[in-house]
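Worksheet: the structure to be examined is printed underneath.
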Amino acid sequence: MRVYNFEDGGETDVPVDELYMREALKLAQVAYQEDEVPIGAIIVAQGKIIGKGYNLTERLHDVTAHAEMQAFTAASNFMGGKYLKDCTLYVTVEPCVMCAGASYWAQISRIVYGTADEKRGAAKYGSLYHPKTEVVSGVLAADCAALIQSFFRNKR
């Protein structure tokens with residue numbers, strides 16, 4: 001797939017997954033600035049962003065207000081239904097068990113995440129994703145890890 005950059009007037013050779021992960025990183029940066037755990041997520045269907053989210057757990061006083069959950073809700077509203085088949089979730093940090101479970105029920109086709117979460121990531125607990133979901137890890141992992149590490153370093 002070719003990606004067009006209309007601001008510069010041409011095409012870009014940046015891989016599509018990196019392009020969308022950069023958009024998720026922008027949302028993670030917003031979370032960082034709002035003193036939320038800096039995780040950002042977007043959902044893409046047919047080359048269009050249909051859902052966005054970043055952590056809002058502190059602002060909403062809601063432990064379920066993860067970036068992925070915000071993006072799932074927005075994308076489902078856009079699609080007019082609960083299933084997100086033929087969609088891709090881009091998230092800066094590996095989904096937790098709750099978000100992996102939500103992705104299972106949404107039947108999302110693809111999940112692309114940046115950095116692994118060795119303590120609370122879904123991979124620690126075996127296969128929690130829908131059997132038809134493709135999972136890609138490590139996209140812009142260093143950038144994603146640096147942001148979250150900076151956040152927690154500043155908290156200590």
_With heavy-atom distances below 4.5 Å as the criterion, would you say the side chains of Glu118 and Lys124 are in contact?_
no

Give every donor-acceptor pair under 3.5 Å between a side-chain atom in residues 70-83 and any protein atom, sequence neighbours left out.
unit_1 : atom_1 : unit_2 : atom_2 : d
Thr73  : OG1    : Met69  : O      : 3.1
Ser76  : OG     : Phe72  : O      : 2.9
Asn77  : ND2    : Thr73  : O      : 3.3

Subject >> No-hydrogen, no-angle side-chain donor-acceptor test under 3.5 Å, Ser150 and Tyr32 >> reply: yes

To the nearest 0.5 Å, atom CD of Glu58 lies from atom CD of Glu36 at 5.5 Å

- Measure from the ring center of Tyr20 to the ring center of Tyr90 and say whether it is less than 6.0 Å. yes

- Message: When you group the ILVMFWY residues by side-chain heavy-atom contacts below 4.5 Å and let the links chain together, are Val63 and Tyr125 in the same group?
- Response: no

Output for pair (Gln29 CD, Arg22 CZ), nearest 0.5 Å, gives 13.5 Å

**OP:** Flag the pair Asp62 / Leu56 as yes when at least one side-chain heavy-atom distance between them is below 4.5 Å, and no otherwise.
**Re:** no

Mind running salt bridge (Lys or Arg N to Asp or Glu O under 4.0 Å) on Arg59 and Glu34 for me, showing each step along the way?
CA-CA 9 Å; Arg59 182 194 306 173; Glu34 293 182 12; 2.5 Å; yes

When Ile43, Val44, Ile42 are each screened for side-chain contact (heavy atoms from CB on, under 4.5 Å) with Leu89, the one that passes is Ile43

Side chains of Ile111 and Val136: does their closest heavy-atom pair fall under 4.5 Å? no

| query | Below 4.5 Å, heavy atoms only, C-beta onward: do Val112 and Asp17 meet side chain to side chain? | reply | yes

Here the pair of heavy atoms bringing Leu27 nearest to Lys52 is CD1-CB, 3.8 Å

Rounding to 0.5 Å, atoms CG (Asp143) and OG1 (Thr92) come to a distance of 11.0 Å

Glu18 (side chain) donor-acceptor with Val139 (main chain) under 3.5 angstrom
no

Closest non-hydrogen contact found for Glu68 with Val93 is OE2-O, 4.4 Å

All heavy atoms of Ala28 vs all of Pro38, minimum pair found to be O-CB, 3.3 Å

Here the gap from Met98 atom CE to Arg120 atom CZ, rounded to the nearest 0.5 Å, amounts to 12.5 Å

When every non-hydrogen atom of Cys144 is compared with those of Gly114, the smallest separation belongs to SG-CA, 3.8 Å

In this structure, CD of Gln46 is separated from OG1 of Thr88 (nearest 0.5 Å) by 11.0 Å

**Item:** Sub-4.5 Å side-chain heavy-atom contact between Phe151 and Leu147
**Value:** no

Item to check | Beyond-backbone contact of His66 with Thr57, side-chain heavy atoms, under 4.5 angstrom | outcome: yes

Check your understanding: Do the side chains of Ile108 and Tyr129 get nearer than 4.5 Å, heavy atoms only?
Key -> no

Margin query: Are Leu128 and Val91 connected into the same hydrophobic cluster when the rule is that any two of I, L, V, M, F, W, Y join if their side-chain heavy atoms are below 4.5 Å apart?
Written below: no

>> Within the 4.5 Å heavy-atom criterion, are Thr133 and Ser109 side-chain neighbours or not?
In response: no

Rounded to the nearest 0.5 angstrom, the CG-NE2 distance for Leu84 and His130 is 12.0 Å

Q) Transitively linked via ILVMFWY side-chain contacts under 4.5 Å: Leu60 with Val30? A) yes

Looking only at heavy atoms, the pair that brings Ile50 and Cys87 closest together is CD1-SG, 3.9 Å

